[in-house]
K.L.:
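Before we start, here is the structure in question, set down as structure tokens.
These values consider heavy atoms only, across backbone and side chains, with no hydrogens, waters or symmetry-generated copies. All figures in this text were calculated on a predicted structure; none of them were measured in a lab.
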Amino acid sequence: MASRPSLKPKPKGGRGGKKAPAAAEEDQSSAAAVAVRAVKEWTTWTMKKAKVAAHYGFIPLIIVIGMNSEPKPSIAQLLSPV
């Protein structure tokens, strides 16, 4: 089973002191990478939930729409194949 990626940024090793301009640029790009990864994970999670909702909700939705149409059919008429 694959491990899930962490949203926490990894601590940078170093001795402290002032950061060089390249290091500041690296922090911004890593922050952007973390944000992109978070959006991708959120999108994937949302799409999985939407797929389940559509899978289990499609037939009940059709039945409800059919029962609210004119003329009003009974549930037996809606479920019969003829």
K.L.:
Under a single-linkage definition using a 4.5 Å side-chain heavy-atom cutoff for Ile, Leu, Val, Met, Phe, Trp and Tyr, are Ile62 and Ile75 assigned to the same hydrophobic cluster?
P.N.:
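Cluster IDs for Ile62 and Ile75 match.
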
K.L.:
Where is the tightest heavy-atom contact between Lys72 and Asn68, given as atom of each residue plus distance?
P.N.:
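Distance-wise, the nearest heavy atoms are NZ-CA, 3.9 Å.
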
K.L.:
Output yes when a side-chain donor or acceptor of Gln77 lies under 3.5 Å from a complementary backbone atom of Ser74, and no otherwise.
P.N.:
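Present.
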
K.L.:
Taking all atoms of both residues into account, what is the closest heavy-atom pair of Pro73 and Pro71, and its distance?
P.N.:
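So the two residues come closest at CD-O, 2.8 Å.
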
K.L.:
So if you build clusters from Ile, Leu, Val, Met, Phe, Trp, Tyr with side-chain heavy-atom gaps below 4.5 Å, do Met67 and Ile59 land together?
P.N.:
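Met67 and Ile59: one cluster.
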
K.L.:
So which heavy atom on Ser69 is nearest to which on Gly66, and how close?
P.N.:
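Residues Ser69 and Gly66, closest heavy atoms: OG-O, 2.8 Å.
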
K.L.:
Out of curiosity, does Val64 fall in the hydrophobic cluster containing Phe58 (side-chain heavy atoms, cut-off under 4.5 Å, transitive links)?
P.N.:
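Looking at the clustering, Val64 is in a separate group from Phe58.
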
